[in-house]
There are 2 protein chains.
Amino acid sequence: MKARLTERQNQAYEFIRSYMRTHRKPPTLKEIGQALGIRSTNGVFKLLRALETKGYLQREPNAARGLRLADDEADPFALDEGAPTLVVVSRTASDQPEQLRRRPSGYLTVDPYFLRGVMDPETCVIGRAGDDGMNGDGIRKGDFVVIEEAPWNQLRNGELSAFLVGEELLIRRFYFANDRLHLRPADRTYTEETFSPADPRCHVIGRVIALMRRLR
Amino acid sequence: MKARLTERQNQAYEFIRSYMRTHRKPPTLKEIGQALGIRSTNGVFKLLRALETKGYLQREPNAARGLRLADDEADPFALDEGAPTLVVVSRTASDQPEQLRRRPSGYLTVDPYFLRGVMDPETCVIGRAGDDGMNGDGIRKGDFVVIEEAPWNQLRNGELSAFLVGEELLIRRFYFANDRLHLRPADRTYTEETFSPADPRCHVIGRVIALMRRLR
DNA sequence: AAACAGGGTGAAAAGATTTTCACTTTATTG
DNA sequence: CAATAAAGTGAAAATCTTTTCACCCTGTTT
C-alpha cells in the first residue's frame with residue numbers, strides 16, 4: 001500500500017498526469033513550478049523526490065523530463081466505466097485497411113450518448129476528416145469522426161459515411177446506383193467520385209455517427 | 001498529402017515512435033543518434049528538420065525532448081483513469097446565469113484531450129449552440145460546445161466564445177472595442193450584436209474549446 | 001561540369017534542466 | 001519547548017540538449 005500524499009504532493013502529481021496526457025511527455029521542473037506557483041525549481045525538486053520515495057513516481061537522474069508515473073500501464077479498455085475508449089486510426093494505415101485497429105495513433109473516450117444505436121462499441125473507431133469536402137455539412141478537415149464500421153451494402157443511400165481513398169480518410173454522403181458506389185461531397189469545389197464495389201482504391205469503413213473537434 | 005520519407009527518415013520516425021511507446025516521452029537527439037548509429041547530433045538534427053517540414057513531426061524549439069508525432073493526436077499512453085464528466089447546462093437557466101450548474105440538463109464525459117490547457121476541468125461546462133450564427137465556422141445549431149468559463153475581460157479579441165442572450169446560448173467571436181462587447185457571427189445572415197459590459201441581457205460564459213455533435 | 005539534396009563528422013555556442021547549497025517559515029509532536 | 005517534517009526562496013553549479021558553423025561525401029539533376 002502506498003504512503004499517503006500531502007495536499008501539495010497530490011497537486012503536483014495531478015498536474016504531472018494531466019500535463020502528460022495533453023503533451024505526450026513529462027513536464028520540466030520549471031513548468032511544474034509555474035503551474036503550482038512555486039518560484040524555485042528546488043521547491044519542485046523536493047516535491048518530486050517525495051513523490052518518488054512514496055512510490056508514485058520514477059525519476060531518471062539528470063535526464064530532461066526524466067519522470068514517469070509509477071502506474072501508467074493501464075489497459076485503455078480495462079477501465080470502461082460507462083464511457084468506452086475508442087481507437088483513433090492512424091492515417092498511415094491506409095495501405096492495409098484490414099488492419100485499421102492494429103496501428104492506432106491514440107485513444108479517445110467517448111460518451112455513450114454519442115454511440116446511440118450502436119450495439120457494440122467495439123465496432124466503432126475514430127478517424128480524422130482528411131479534407132474539407134463536407135464543409136457544407138459543418139465537418140472540417142481534421143475533425144474527429146466516430147465511425148461505426150459497416151460494409152457498403154449495409155449503408156443506406158444518403159448516409160454520412162467514411163472511406164479510405166488513397167492516403168486520405170474521406171467523409172462523404174454515400175449513394176449506391178448503377179452498380180457503383182458514389183461518394184458525394186457537400187461542397188461544389190470537390191467532385192463526386194464513384195468506384196466499383198470491388199475497386200481496391202476505395203475502402204469503405206462505415207457510417208459516421210458523431211463528431212468532435214478541438215478548438216484550441 | 002504528405003511527402004514520402006526517405007529510408008533514413010523513416011528509420012528515425014519509427015525509432016521515435018517505438019521509443020515513445022516504451023518510454024512515455026520523446027527521445028533526445030543523442031538517443032536517436034545512438035539508435036541509428038549517427039555520431040553527430042547535427043546529423044540527427046537535420047533528419048528531424050526534414051521530418052518536420054514533411055509534416056510527420058512537430059518540434060518545440062529549444063525544448064528538451066521537444067518532439068511530438070504529428071499523427072498522434074489522442075493519448076497513446078492510456079494513462080486514463082476516467083475522463084471528466086461535465087455538466088450540460090439547460091437552456092432554461094438563462095434567467096439566473098449565476099446558477100448555470102445548478103440545473104443541469106445532463107452530463108457528458110469528455111476526453112481530457114479536448115481539455116488541453118485547462119487547469120481544472122471543474123471550470124468547464126457544456127452548452128448547446130442556440131442558432132446557426134457560426135455555420136461559417138462549422139458550428140451548427142444544437143452542437144454541444146465545451147466552454148471554459150471566463151469573464152469577458154479574460155477573453156482575447158477574436159476568441160470563439162459563448163454567451164447567454166435572451167433564452168439562447170450564442171456562440172460568437174468576441175471583440176472588445178469602444179467600451180463595448182461585440183459578438184460577431186460568422187454568417188452574414190446574422191447581425192453583430194454589441195452590449196455594454198454591464199448589460200444584464202448579455203451574460204458571458206467563457207471561451208469555447210471543443211465541440212461535439214451527434215449525427216444520428 | 002556545376003548545382004543540389006540527403007546524410008554525416010566534429011566542435012563549439014547557446015539554452016534548458018536538474019542538482020546542490022544555505023537559510024526561512026509554518027505547523028505538528030514527543 | 002526543542003525537534004522534525006513539509007514547503008519554499010534564491011542563486012550557483014553541473015549536466016543535458018538543442019542549435020549553429022564549417023566541411024566532407026555521394027548520388028542525381030540541370
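In what follows, every chain begins at residue 1, and chains take the letters A, B, ... in the order their sequences are listed.
Salt-bridge annotation for A/Glu168 and A/Lys141: absent, with no side-chain N of the basic residue lying under 4.0 Å from a carboxylate O of the acidic one.
A straight line from CZ of B/Phe45 to P of D/dA22 spans 15 Å, rounded to a whole angstrom. Put simply, CG on A/Leu36 is 11 Å from C1' on D/dA7, counting in whole angstrom units. Going from atom CG of A/Leu29 over to atom P of D/dT17 covers 13 Å, rounded to whole Å. Rounded to whole Å, atom C1' of D/dT26 lies 15 Å from atom CZ of B/Arg8. Here C/dG6 presents its C1' atom at 9 Å from CG of B/Leu47, a figure rounded to the nearest Å. Going from atom CD1 of A/Ile32 over to atom P of D/dA7 covers 14 Å, rounded to whole Å. Atom CD of A/Gln9 and atom C1' of D/dG8 are 14 Å apart (whole Å). Between the CD atom of B/Glu52 and the P atom of D/dT19 there is a distance of 9 Å, given to the nearest Å.
Remark: A/Thr6 is in phosphate contact with D/dA7, judged by side-chain N or O atoms under 4.0 Å from OP1 or OP2. The side chain of B/Arg39 places no N or O atom within less than 4.0 Å of a non-bridging phosphate oxygen (OP1 or OP2) of C/dG8. Taking only side-chain nitrogens and oxygens, A/Arg59 never comes nearer than 4.0 Å to OP1 or OP2 of C/dT18.
Between the side chain of A/Lys46 and the base of D/dG8, a donor-acceptor pair under 3.5 Å is found. For a distance-only test at 3.5 Å, the side chain of B/Asn42 qualifies as a donor-acceptor partner of the base of C/dT9. At a cut-off of 3.5 angstrom, counting only N and O atoms as typed in the model, there is a donor on one side and an acceptor on the other between the side-chain of B/Thr41 and the base of D/dT19.
Comparing A/Ser40 and B/Pro61 by the nucleotide of DNA chain C that holds the closest heavy atom to each, the one mapping nearer the 5' end is B/Pro61. Across the interface with DNA chain C, nearest-nucleotide mapping of A/Gly66 and B/Val44 shows B/Val44 to be the residue nearer the 5′ end.
Contact annotation for B/Ala63: backbone-only contact, meaning every heavy-atom pair under 4.0 Å involves sugar-phosphate atoms and none involves a base. Within 4.0 Å (heavy atoms only), B/Arg49 reaches no atom of the nucleic acid at all. Within 4.0 Å of A/Ile38, counting heavy atoms only, lie sugar-phosphate atoms of the nucleic acid but no base atom.
More than 12 heavy atoms of other shown residues, nucleotides or ligands fall within 6.0 angstrom of atom CG in B/Asn157. Within 6.0 Å of CG on B/Asp179 lie no more than 12 heavy atoms contributed by other residues, nucleotides or ligands.
At least one test fails for A/Arg201 against the ring of A/Phe195: distance under 6.0 Å to the centre or angle within 45° of the axis. A/Phe163 does not carry A/Arg172 over the face of its six-membered ring by the limits of under 6.0 Å from the centre and within 45° of the normal.
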